[in-house]
Amino acid sequence: MKEFLKNLKYGIRSQDLNNEFKHILRELASNGVVREYKNVFYRNNGFVFGTLDISSSGTGFLKCFDEYYKQDLLVQSKHFQGANYKDIVVAKLLSFKRKRVSAKIFLVLQRANETFLVVTKQHRNTVLGMNIKTGLLLPLKASQKSLKALPLGTVLKIRSQENAIVEVLGHINDESVDEKIALALFNKNDTFSQLCHNEALSNGEEVDSTMYPNRKDLRALPFCTIDPLHAKDFDDAIYFDESSRKLYVAIADVSEYVFAYSAIDKEARARGFSIYFPHKAVPMLPQALSENICSLKPGLDRLVYCFVISFDEKAHILKEELFEALITSKKRYTYDEVDILFEKKPKLNDFSWLYSLFELTKIIRKRRLKNAFEFRTKELRIVLDSSGALESTIYERDTFSHNLIEECMLLANKAAAKLIDIGIFRNHLSADSRKIIKLLDELLSLGIDVQFNPNIPELIRDIQALADTLHLRAEVDKLIIKAHKKAEYGSENAGHFGLGFESYTHFTSPIRRYSDLLLHRLLKAKQKKDEKLFRYLLLNIQSTCENLSLLEREADKVAYEFMDRKFARWAAKNIGKRFKALVIENDSICKAKLYGEISGANVFVYENNLTLLEYIEVELIEADIAMAKIYARCVGKLGE
């Protein structure tokens, strides 16, 4: 959408557009926003396209797609014309005589959300809805009598078009409403239709091996899974044949059960990814698939799509084979259990190959990191009590068991990418030089003085080496990641900068990622030399890739939104108390992250004279549960 609207400045031919953009072009033409000249459409003067942002005071700011406007345009609330936060709009420019260029909304082209959430508030004698994203109060399309029948603080889902109530989610003081809010904010669904359930159940609960005579029977091999303690869906199982130096990476064969354009497939495509909360998962596939017949549970026959990767004595790859197979996982390990095995080295009998594989993956990892990056970031996990309130926080670190599985999965993903020229790739571009220069300026204030080097990998390693000496490696790694472009899906290969791979894709998690399921279908069509099916599966593939990148970011945001709400509730019970924090942002606002007994909560600090990555002590002064924000003041500066 953004590129389409930007290009109207230079001219677009209608015949070059898909049906969706043709419809938008007709709407723009009928409203005088564009003009036609010799079959080419141009944007008329006086109009701009952009995304509407709304401050907590109710003032709007239009972020223009046209690079000519370096500063956001001012939009007064009376000129919103029904537009909401993050909507893509057409705006009409107003007088340039003011200090800041202003505009009024002319048309809403694309709603950021068909719905939004409010909390009911009393304003004088009227009940209004407060948008929990913008803080704006607005009238609702409901009688005051019905609104006053609800307790103040009721959370409502509102249809954007006419401000009508769609659903009552619960009360803001109820811990259980946090999950509903997090999902509803991003239009996520935690239930499946009956049709999806019926399709899933039609596959039965067991695999009948006699139905698959053409699959390789690997059930005698001692495969195992290695996953987090509370995992319910097991995508991958591994086995290493020490005598032949062959690594087997067996992945749940979801494509055998979920067919293109079936009800389950349409739902999985819309979801894109499973979403993980501390207390539950919102799966991409119905549980009858994700937690049963597709999941590689121990002791049960399962269908897999399997890579066998052969190595020489120096851990160089000799051969990669991909085929459909049958396996029976013989053991379910957790990461912690495998770490203990690697530490104590007991006899493992059928699973003694884990020790040999560990040594192999250490060599592969060391070699890979010569061209890639090792970021020492920590993943935050929160623990809830029986009432759903925040109980504790844990930072999970990568351990030897994590590294072993990671290297096995990277090998399979990389091998899969070699088999396609077009399809679905996981691309990661190099950092923008402007962001790198900004990063170097930020690091200079921390005492990390590194001269710009056009060889970005060398530059990053120099930065990390200095950060190690200052014991700021994890924090600096986060700044480096922030300076890089995000990894995204694309229909054509563009390489993976962070991993140092010429081509890369996602193959190993089809239960929880739609990208992997789609790739499995493409690879099977290619192996069967079914060109017609392959082309059919590629229909609108670039659009699918772009949408999956968006859905991936949304799935992450849902999880972060949930955690922020739990932190805000915890902070509300700890107003006036003091905590240690690390400054993580100090541009236009100052933001710090708590660490200690409760770690990971983001707090807005009212002081603006603090230094990035400075350790401080803060006093909590306010917690806004509705908007999931915590406010604090700095009461002292700390050493490391």
Side-chain angles (χ1 to χ4, degrees), residues 85-86 112-113 115-119 130-135 153-158 167-192 228-233 270-284 287 290 377-396 512-513 550-574 584 591 593-595 597-604 620 623-631:
Y85 177 68
K86 293 299 181 185
N113 292 292
T115 60
F116 60 92
L117 303 186
V118 301
V119 176
M130 186 196 76
N131 187 312
I132 67 173
K133 273 298 183 186
T134 66
T154 298
V155 183
L156 304 172
K157 181 188 284 189
I158 307 297
E167 183 182 354
V168 178
L169 297 184
H171 196 276
I172 195 64
N173 292 336
D174 184 357
E175 290 275 5
S176 66
V177 82
D178 293 336
E179 177 190 324
K180 297 177 182 178
I181 290 174
L183 291 169
L185 278 173
F186 298 95
N187 294 313
K188 303 302 180 186
N189 190 9
D190 62 349
T191 60
F192 289 90
L229 176 63
H230 300 294
K232 292 183 178 179
D233 51 356
R271 295 183 182 215
F273 299 83
S274 295
I275 296 170
Y276 295 96
F277 291 124
H279 61 299
K280 64 178 286 189
V282 179
M284 182 183 78
Q287 284 87 343
S290 62
T377 55
K378 299 172 289 185
E379 187 170 358
L380 178 69
R381 300 286 184 195
I382 66 174
V383 179
L384 307 179
D385 64 18
S386 58
S387 67
L390 177 65
E391 183 175 81
S392 61
T393 58
I394 304 167
Y395 273 117
E396 291 191 353
R512 62 182 181 90
R513 291 190 305 225
L550 175 64
L551 290 172
E552 179 183 33
R553 291 191 289 272
E554 286 184 350
D556 290 338
K557 288 177 181 177
V558 171
Y560 291 137
E561 176 73 28
F562 180 83
M563 284 197 289
D564 285 344
R565 296 197 165 275
K566 292 305 178 187
F567 280 129
R569 290 188 190 279
W570 166 84
K573 301 171 187 173
N574 289 275
I584 59 171
K591 190 186 291 185
K593 190 178 290 289
L594 300 188
Y595 69 93
E597 185 178 344
I598 293 293
S599 296
N602 292 318
V603 298
F604 293 91
L620 303 186
D624 189 332
I625 294 174
M627 298 187 71
K629 290 183 178 179
I630 305 169
Y631 299 91

Are the side chain of K629 and the backbone of N602 linked by a donor-acceptor contact shorter than 3.5 Å? no
Reported CG-to-OG1 distance for the pair N173 and T154, which is rounded to 0.5 angstrom: 10.0 Å
Taking atom NZ of K232 as the centre, report whether more than 12 heavy atoms of other residues, nucleotides or ligands fall under 6.0 Å from it. no
Given side chains that start at C-beta, do those of K188 and V282 come closer than 4.5 Å, heavy atoms only? no
Beyond-backbone contact of K180 with V155, side-chain heavy atoms, under 4.5 angstrom: no
Which residues satisfy the side-chain contact (heavy atoms from CB on, under 4.5 Å) test with A626, sequence neighbours excluded? V119, M130, I172, D624
The side-chain contact (heavy atoms from CB on, under 4.5 Å) partners of S387 (sequence neighbours excluded) come to D385, A389
Can you measure from CD1 (I275) to CD (E561) and round to the nearest 0.5 angstrom? 12.0 Å
Rounded to the nearest 0.5 Å, what's the gap from NZ on K557 to CD on E552? Could you check? 11.5 Å
Gap between atom CD1 of I158 and atom OG1 of T115 - 0.5 Å precision: 9.0 Å
What's the shortest heavy-atom distance between D174 and S176, and which atoms? OD2-OG, 2.9 Å
Sequence neighbours excluded, which residues qualify as salt bridge (Lys or Arg N to Asp or Glu O under 4.0 Å) partners of K157? E167
Looking at Y560, I want to see if its OH is surrounded by more than 12 non-hydrogen atoms of other residues, nucleotides or ligands under 6.0 Å. no
For the student: nearest non-hydrogen atoms of A555 and S274, plus distance: CB-O, 4.4 Å
Within 45 degrees of the axis of the six-membered ring of F192 and under 6.0 Å from its centre: does R271 put its NZ or CZ there? yes
Student check: side-chain heavy atoms of D178 and R569 closer than 4.5 Å: yes
From CD1 (I382) to CD (E391), nearest 0.5 Å: 11.0 Å
Look up atom CG in L156 and atom CZ in F116, then write down how far apart they are to the nearest 0.5 Å. 10.0 Å
So, for A623 and A572, which heavy atoms are closest and what is the spacing to 0.1 Å? CB-N, 3.6 Å
Mind checking whether L183 and N189 have side chains closer than 4.5 Å, heavy atoms only? no
List the residues meeting ring-ring contact (aromatic ring centres under 6.0 Å, His included) with F186, not counting sequence neighbours, and say none if there are none. none
Applying ring-ring contact (aromatic ring centres under 6.0 Å, His included) to H279 and not counting sequence neighbours gives F277, F562
Check whether any side-chain heavy atom of K133 sits under 4.5 Å from a side-chain heavy atom of K86, and report yes or no. no
Please check: side-chain N/O of S599 versus main-chain N/O of T393, any donor-acceptor pairing under 3.5 Å? no
Determine the minimum heavy-atom distance between I625 and R565, stating which atoms define it. O-NH1, 2.9 Å
With sequence neighbours excluded, what pairs up with L550 under the side-chain contact (heavy atoms from CB on, under 4.5 Å) test? N547, R553, E554
Is any side-chain heavy atom of I132 closer than 4.5 Å to a side-chain heavy atom of L185? yes
Flag the pair F567 / I598 as yes when at least one side-chain heavy-atom distance between them is below 4.5 Å, and no otherwise. yes
